[in-house]
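Working notes, structure below.
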Amino acid sequence: MEAYRETAIDHEAGAEYCGISTGERAVKTRLYKLRDKHPESVEIIAENPDGSVFAHIPWSWISIKPPKKINFSDEHIEALRERMKSARSTKQY
């Protein structure tokens, strides 16, 4: 059975922790790494048969913000392009 591919965050007003339920591989990996690094703060509550997990993490760790927009100069873009071209030409297969 394949895990559902969504992430849900559940939080009660005033609670220090929130619950995260996810079947997304990237989010599960991040939760496990956080648990390993911060075992006192992150608890994996359930690992479900469908591959999804449910965890508790501190509510203060949740942030909603738009991605940063970076404006590169034309010179910087050209330098990045040349660096990528050089890296691709030296890559051994």
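Counting from 1, the numbers follow the sequence of the chain as shown. Values in this document were obtained by computation on a predicted structure and should not be read as measured data.
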Open item on the list: Filter on salt bridge (charged side-chain N to carboxylate O under 4.0 Å, His left out), then keep only pairs touching residues 54-71, sequence neighbours left out; what's left?
Closed with: none

- [ ] Using the salt bridge (charged side-chain N to carboxylate O under 4.0 Å, His left out) rule, collect all pairs that involve residues 73-87, keeping only residues at least two apart or in two chains.
- [x] Glu78-Arg81, Glu82-Lys85

TODO: Let me see the working for Ile62 and Cys18 under side chain to side chain contact (heavy atoms under 4.5 Å, CB included), right down to the final yes or no.
DONE: CA-CA 9 Å; Ile62 301 296; Cys18 64; 3.7 Å; yes

Task: Taking every non-hydrogen atom, the tightest pair across Ala15 and Trp59 - done: O-CB, 4.0 Å

Open item on the list: For a quick test of reading the model, state the closest non-hydrogen atom pair linking Glu24 to Glu6 and the distance between them.
Closed with: OE2-C, 3.7 Å

Task: Under the side-chain contact (heavy atoms from CB on, under 4.5 Å) test, residues paired with Thr29 that sit two or more places apart - done: Arg25, Lys33

Open item on the list: Under the rule for side-chain contact (heavy atoms from CB on, under 4.5 Å), what residues qualify as partners of Ala79, not counting sequence neighbours?
Closed with: none

Open item on the list: Are Ile20 and Trp61 packed together at the side-chain level, in the sense that at least one heavy-atom pair is separated by less than 4.5 angstrom?
Closed with: no

Task: Heavy-atom donor-acceptor pair, His76 side chain to Leu80 backbone, under 3.5 Å - done: no

TODO: Would you mind listing every side-chain hydrogen bond (donor to acceptor under 3.5 Å, both in side chains) that reaches into residues 12-21, with sequence neighbours excluded?
DONE: Tyr4-Ser21

Going by atom type alone, with no hydrogens or angles, which donor-acceptor pairs under 3.5 Å involve a side-chain atom of residues 36-49 and a protein atom two or more places apart or on another chain?
unit_1, atom_1, unit_2, atom_2, d
Glu47, OE2, Tyr32, OH, 2.7
Asn48, ND2, Ser52, OG, 2.9

TODO: Could you give me the CA-CA distance, side-chain angles and deciding distance for Arg30 and Leu34, then say whether side chain to side chain contact (heavy atoms under 4.5 Å, CB included) is met?
DONE: CA-CA 6 Å; Arg30 179 179 260 178; Leu34 285 170; 4.0 Å; yes

TODO: Return the set of residues passing ring pair (Phe, Tyr, Trp, His ring centres under 6.0 Å) with Phe54 (not counting sequence neighbours), or none when no residue passes.
DONE: His56

